[in-house]
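The block underneath contains the structure these notes are about, expressed in structure tokens.
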Protein chains: 2
Amino acid sequence: MRARNIKPTAMRELVLEVLSRQTAAIGLPELEEHFEKADRTTLYRTLKTFEEKKLIHKIDDGTGTVKYALCSETCECEPDDLHVHFLCKKCEKTYCLYNIPVPTINLPPGFQLDGVNMVVNGICSNCRT
Amino acid sequence: MRARNIKPTAMRELVLEVLSRQTAAIGLPELEEHFEKADRTTLYRTLKTFEEKKLIHKIDDGTGTVKYALCSETCECEPDDLHVHFLCKKCEKTYCLYNIPVPTINLPPGFQLDGVNMVVNGICSNCRT
DNA sequence: ATGAGGGATGCAACTGTATTGCAAAGTTAT
DNA sequence: ATAACTTTGCAATACAGTTGCATCCCTCAT
Ligand SMILES: [Mn+2]
Ligand SMILES: [Mn+2]
Ligand SMILES: [Zn+2]
Ligand SMILES: [Zn+2]
């Protein structure tokens, strides 16, 4: 896991462990709840480090809380690696649809594409009983 | 313009006028700067009303400030009406790409699609000299 | 072993946007 | 004119994110 060049401290191990257990993306406030002692700042900086080293990626689902999820092994967070995200308006969980790549967009002339954020919202399969 | 069922107060006229003049989407903080006297709350609620009545639509471009832009005449803000947005990382402006519809996504079984937020970021034609 | 250097952590303070409560002012209908 | 309803303004609050700074911890060179 630390093929990503991150110094493995105790705290980081714990955070990564929590992240690995998630079935949906997780935000800083929720991550905080998983710890008794840990400070928000430390978690914040841990996530930031993880993101910079491309161990996780950021997801802005429009809920006001930025969420994070593990990147796939080979992910470099470039346009080709990007996938669609799904926000359930019932359970408020955000899922990575790892196998649904973001569609290619033809921008108007003169526009340079660097990245895409695509969030689909609706109701997830769990919430549809 | 008030085919949208909004009582046209003086304030609202002014806000709509500012919105109409914009070439890019505008957020609450920036909208505030266009007025000397107006209160943030009033502007906030004006935008909210406009949005509910589908005169404008919300754009969350991930910058931390929600932006708004006029809807097209016939827009009902349903999946079919949605278009792609572009955030320029140079000028930080967010543009509606009204003529680029959001691509159709095939969700995994059990998922119900209600809406899509698709924001492309990169460099706009203005900033590329 | 020891002490310096550099990163990691924890605490507190602060930022900026969004949001709500409440009273005053304005509008509309009887 | 009065009552009912809507809009506005001000103040206070909520909340995620962020920064400064002191302290702790680990590693490395002496
Ligand atoms: Mn993802
Ligand atoms: Mn738009
Ligand atoms: Zn759900
Ligand atoms: Zn630009």
Side-chain angles (χ1 to χ4, degrees), chain A residues 1-2 4-19 22 24-53 55-69 85 87 92-94 117 119, chain B residues 1-2 4-19 24-53 55-69 87 92-94 117 119:
Chain A
M1 283 291 183
R2 303 314 172 61
R4 295 285 187 173
N5 247 344
I6 304 168
K7 204 182 290 183
T9 69
M11 198 65 241
R12 287 172 180 170
E13 297 283 9
L14 288 173
V15 171
L16 180 56
E17 216 242 302
V18 171
L19 288 170
Q22 300 303 313
I26 187 174
L28 178 53
E30 193 189 340
L31 180 61
E32 248 183 298
E33 294 172 4
H34 282 80
F35 295 89
E36 289 292 327
K37 47 177 179 48
D39 180 68
R40 190 169 66 252
T41 313
T42 304
L43 296 175
Y44 166 73
R45 285 195 267 237
T46 300
L47 290 174
K48 205 170 170 185
T49 301
F50 282 4
E51 192 201 354
E52 281 162 1
K53 296 304 178 63
L55 182 59
I56 62 179
H57 60 277
K58 186 195 297 238
I59 306 155
D60 190 323
D61 58 11
T63 55
T65 308
V66 174
K67 303 207 176 73
Y68 297 87
H85 292 103
L87 167 65
E92 285 273 296
K93 284 192 194 305
T94 299
N117 180 33
V119 178
Chain B
M1 283 291 183
R2 302 311 171 66
R4 295 285 188 173
N5 247 344
I6 305 168
K7 204 181 291 183
T9 69
M11 198 67 241
R12 286 170 181 171
E13 297 283 10
L14 287 173
V15 171
L16 179 55
E17 215 242 303
V18 171
L19 287 170
I26 185 173
L28 178 54
E30 193 187 341
L31 180 60
E32 248 183 297
E33 294 172 5
H34 282 80
F35 295 88
E36 290 292 330
K37 48 175 178 49
D39 181 69
R40 190 171 66 251
T41 313
T42 304
L43 296 175
Y44 166 73
R45 285 195 267 237
T46 300
L47 290 174
K48 205 170 170 184
T49 302
F50 282 5
E51 191 201 354
E52 281 162 2
K53 297 304 176 66
L55 181 60
I56 62 179
H57 61 277
K58 186 196 294 241
I59 306 155
D60 189 325
D61 60 11
T63 55
T65 308
V66 174
K67 303 207 175 75
Y68 297 88
L87 166 66
E92 285 273 296
K93 285 192 194 307
T94 298
N117 180 34
V119 178

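A, B, ... follow the sequence lines: proteins, then strands. Residue 1 opens every chain.
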Tell me, do B/Ile26 and B/Lys67 make a side-chain contact under 4.5 Å, heavy atoms counted? no
Would you compute the distance between atom NZ of B/Lys48 and atom NZ of B/Lys58 and round it to the nearest 0.5 angstrom? 8.5 Å
Using whole Å, report how far OH of B/Tyr68 lies from C1' of C/dT17. 11 Å
Comparing A/Thr65 with B/Thr42, nearest DNA chain D nucleotide closer to 5' gives the residue B/Thr42
For D/dG17, does OP1 or OP2 lie under 4.0 Å from any side-chain N or O of A/Tyr44? no
Quick one: the side chain of B/Arg45 and the base of D/dG9, do they pair up donor-acceptor inside 3.5 Å? yes
With the side chain defined as heavy atoms from C-beta on, A/Arg40 is closest, among D/dG17, C/dT9, C/dG10, to D/dG17
Separation of B/Leu47 atom CG from D/dT7 atom P, in whole Å? 15 Å
What is the distance, to the nearest angstrom, from the CG atom on A/Asp39 to the P atom on D/dT19? 15 Å
Return the CG to OH distance between A/Asp60 and A/Tyr68, rounded to the nearest 0.5 Å. 9.5 Å
Which one, D/dT7, D/dT18, C/dT9, comes nearest to the side chain of A/Thr9? C/dT9
Taking the nucleotide of DNA chain C with the closest heavy atom to each, which residue, B/Lys48 or A/Thr41, is nearer the 5' end? A/Thr41
Strictly below 4.0 Å: does A/Arg12 bring a side-chain N or O up to OP1 or OP2 of C/dA8? yes
For the pair A/Met11 and A/Leu43, evaluate side chain to side chain contact (heavy atoms under 4.5 Å, CB included) and give the outcome as yes or no after the intermediate values. CA-CA 8 Å; A/Met11 198 65 241; A/Leu43 296 175; 4.0 Å; yes
Nucleotide D/dA4, atom C1' - distance to NZ of B/Lys7 in whole Å: 11 Å
Below 4.5 Å, heavy atoms only, C-beta onward: do A/Asp39 and A/Tyr44 meet side chain to side chain? no
Whole angstrom is fine here: how far is it from CD in A/Glu51 over to P in D/dG17? 11 Å
To the nearest angstrom, how far is B/Glu30 atom CD from C/dA18 atom P? 12 Å
CD of A/Glu13 versus P of C/dT9: gap in Å, rounded? 11 Å
Between C1' of D/dC15 and CD of A/Glu32, the distance in whole Å: 11 Å
